[in-house]
Amino acid sequence: MKILMASSEAVPFAKTGGLADAVSALSIALAKLGHEVCIVMPRYYCVNRNDLRLLEGALGVHTGGGEIWSAVYTADLPGSPPKNPVRVFFIDHEGFFGRDGIYGTPSEPDFLDNPRRFAFLCRAVFQLCRKTGWYPDILHAHDWPAALTPVFLKYGERDFPDGEFARTLSVLTIHNLGYQGIYRKDDFYCTRLSWDVFYNAGFDDWNMMNLLKAGISTADKLNTVSPNYAAETCSAAHGFRLDGVLRYRREDYRGILNGIDTSVWNPKTDKYIPQTYSTEDMSGKAAAKEELRQKFNLPPGENVPIVGMVTRLTGQKGVGELFGPAYGSAWSICRDMNLQFVLIGTGEAWCENELRSLSGRLSNFKAHIGYSEEESHLIEAGSDFFLMPSRYEPCGLNQMYSLAYGTLPVVRNTGGLADTVENFNQETGAGTGFMFDDLTPQAVYNTVGWAIWAYYNRRRQIEAMRIRGMKQDFSWTKSAKKYTEMYEEMRKNSLPPGKPAPEQNQGAGF
Ligand code: ADP
Ligand code: GLC
C-alpha cells in the first residue's frame, strides 16, 4: 500500500513529545512490512536545509489569502530500511515555519496564525501528490495539526469519481485529545471551504472552530494509541467534550497500542549508557545507576533506590499533585523515604521554578530543567523506579522504555498505562509495576512508598519483576500489523463488490 503520513512532528527532525517518536517509528515499521510510506511535515527553522535535497520547482498552495508558493525539501528518514526507505517531504515557507518553536514559544505558547500555518500544511499535502504524481491509498493524519487533511479529502479533493484521490481513504490518529486546535470562527477562511462545510464537517464548537473535531467527524477511520484510552475517551470524564462525537463514530474508532523503537531504546545496544546490559547480565544497570548519581550530583549510597522521571511539565503528567507548592507530595516523599529522586523535564514556568527550589532544599532530589536525549536514556537505565502519575495518558512511551530497561514503572491506572503495566501482587510476586487509581498527592505518596517498601523487603520479587518487564514485546512490528489490518479492512469495505480496484497509482513515484 501507498501510505502518506501527515504530521507536524517526526523524529529526528522536530519533536515536542511522543507524537514525533510514534510517527517515525510507525512509518519505519510499515516500510519494513513492505508498504511505500512517506511523511509530509513542515520545514521548521530547526531543520537544517543543508541536510536535505531540494525538489525541483515550487508548490503553489491555495489558502484563504490566495495562492502561496512553497519550496519542498526531501530526505530519507534515518533508520528506515535501505531498500524501501521512508521519504520525508518538508514543506518550506519562511513566513509560516521559519521561526523558533513548533506551535509557539514560551511567550506566545500558541502562535496566533496556527490555523493558517497548519491549513497551509494540509493543503500542501495534496499539491505535493500532484507534483510528484504519487497518490496514496491511505492518507494518515496525526493529531489536530493534520486534522484538516481528511476534511479536504472528503470535501473537494475526492469529489471527482475519476479524480486522482478518488480511491484515497483517510485515517486520523488521536495522540492526545487534550489538544484540539480550537480557534476563532473568523479563521475558517484559511481552509477555503464554504460555510456549509463548517457545519457539515463538524468544525462548529460553541461558535468556535475546532480542527480536531472536524477531523474526527470526517476521517474514514479513527484510532487512538491504546485500547483503554479509546474506551475512556468515549466517556465524559476523559472525552474532553468530544466524547459525544467519538461515541457517534464508535464503529470506526479503535485503539492500537504504540510500540517502542527498539533500535534506540534497547539496553543491549544503548549508546548513551556506560555499559550495555541484558536479562542475562544486569551489571550494566548498576553502572548506569552510578553514572546517574554522578551526573545529577547525588550523594553515594549503593543500596538506596532511585526514582526517575522524564516528562513534559504539564497538568496531564500529574505534576500538580507531585510538585504543587504546599500540597504536592514530592517534598514529603523525599523527606520521609530512604530514596533518591531524579527528574529531567521542561514545561510550565511555575513547575520549573518549584523543581529548582526543591533541588536546592532537598539533598536527595535533583531536577534538570531542559531537554536531553542522553540524560533521558541514563534515567531510564539507572533508576530503579520510573514515576508517571498521569492525569490521563493516551499511550505513554516512557513506561514502556522503563520496562525494557528493567526499571519498574509506578503509574496511575489510566489510558495506555493500564494497558502496558501489570500491578504488583505481593502475595504471588506477579506484575511488572506499581499502580494507583485516584490521582491525589496522598495516593502518589502511598504508591511510591509501597514500591520503596518492596525494594527493601521483597528484593527477590523486585528482581523477578525487572526481568519480566524486560522480556515483554513492545515492538512496533506488532502495532504496524494492526494498522495494516485497519487499512486493509477499509480498502476492502470501500470497493464495490465484485469489482477489482483499478490500478490508479501509475504516477512517477518519488
Ligand atoms: P508525551 O508525548 O505525552 O509527552 P510520551 O511518554 O508518549 O508522552 O512521550 C514522551 C517522549 O518525550 C519520550 O520519548 C520522552 O523520553 C521524551 N521526553 C520528554 N521530555 C523530555 C526531556 N526533558 N528530555 C528528553 N526527552 C524527553
Ligand atoms: C501523546 C500522548 C502520549 C502518547 C504519544 C504518542 O503525546 O500524550 O501518551 O504516547 O502521544 O502517541
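Ligands are counted one by one from 1 in listed order, and the atoms in each one are counted from 1 as well. What you see is a predicted model, and the numbers here were worked out from it, not measured in a lab.
- Under the 30°/60° scheme for interplanar angles, the aromatic rings of F424 and W450 are found to be tilted.
- The contact set between ligand 1 and R312, taken as ligand atoms under 4.0 Å from a residue heavy atom, comprises 1 (P), 3 (O), 4 (O).
- A side-chain N or O of S390 and one of E393 form a donor-acceptor pair less than 3.5 Å apart.
- By the 30° and 60° cut-offs, the orientation of the rings of Y483 relative to H140 is tilted.
- The nearest non-hydrogen atom to atom 15 (C) of ligand 1, considering only N176, L19, I260, N398, comes from N398.
- Taking each of V225, D21, T314, V310 in turn, the one with a heavy atom nearest to atom 19 (C) of ligand 1 proves to be V310.
- The list of ring pair (Phe, Tyr, Trp, His ring centres under 6.0 Å) pairs with a residue in residues 212-261, not counting sequence neighbours, reads F240-Y392.
- Of the N or O atoms in T346, none lie within a sub-3.5 Å distance of an N or O in ligand 1.
- If you check which protein heavy atom lies closest to atom 25 (C) of ligand 1, you get S372 O, 3.3 Å.
- At least one cation-pi condition fails for R117 and F97: the charged atom is not both under 6.0 angstrom from the six-membered ring centre and inside a 45 degree cone around its axis.
- Closest heavy-atom approach to atom 10 (C) of ligand 1 among the candidates S376, G18, G347: G18.
- Nearest protein heavy-atom contact of atom 5 (P) of ligand 1 is L397 N, 3.6 Å.
- Residue contact check for ligand 1: K317 places a non-hydrogen atom closer than 4.0 Å to it.
- Of the protein's non-hydrogen atoms, the one nearest atom 23 (N) of ligand 1 is G370 O, 2.9 Å.
- Residue A22 has no nitrogen or oxygen atom sitting less than 3.5 Å from a nitrogen or oxygen atom of ligand 2, judged on distance alone.
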Verdict with reasoning, R249 to D252, per salt bridge (charged side-chain N to carboxylate O under 4.0 Å, His left out): CA-CA 6 Å; R249 298 234 39 205; D252 298 314; 2.8 Å; yes
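- Aromatic ring orientation, W144 versus Y103: tilted (interplanar angle from 30° to 60°).
- The shortest N or O to N or O distance between V225 and ligand 2 is not below 3.5 Å.
- Q316 and R312 share a donor-acceptor pair across their side chains, judged by distance under 3.5 Å alone.
- Shown in contact with G17 at under 4.0 Å from a heavy atom are these atoms of ligand 1, numbered in order with element: 2 (O).
- When hydrogens are left out, the protein atom nearest atom 27 (C) of ligand 1 is Y371 CE1, 3.3 Å; that is the closest non-hydrogen contact.
- At the top of the distance list for atom 17 (C) of ligand 1, counting protein heavy atoms only, stands K15 NZ, 3.7 Å.
- Note on ring orientation: taking the six-membered ring where Trp is involved, the planes of F120 and F96 are tilted (angle from 30° to 60°).
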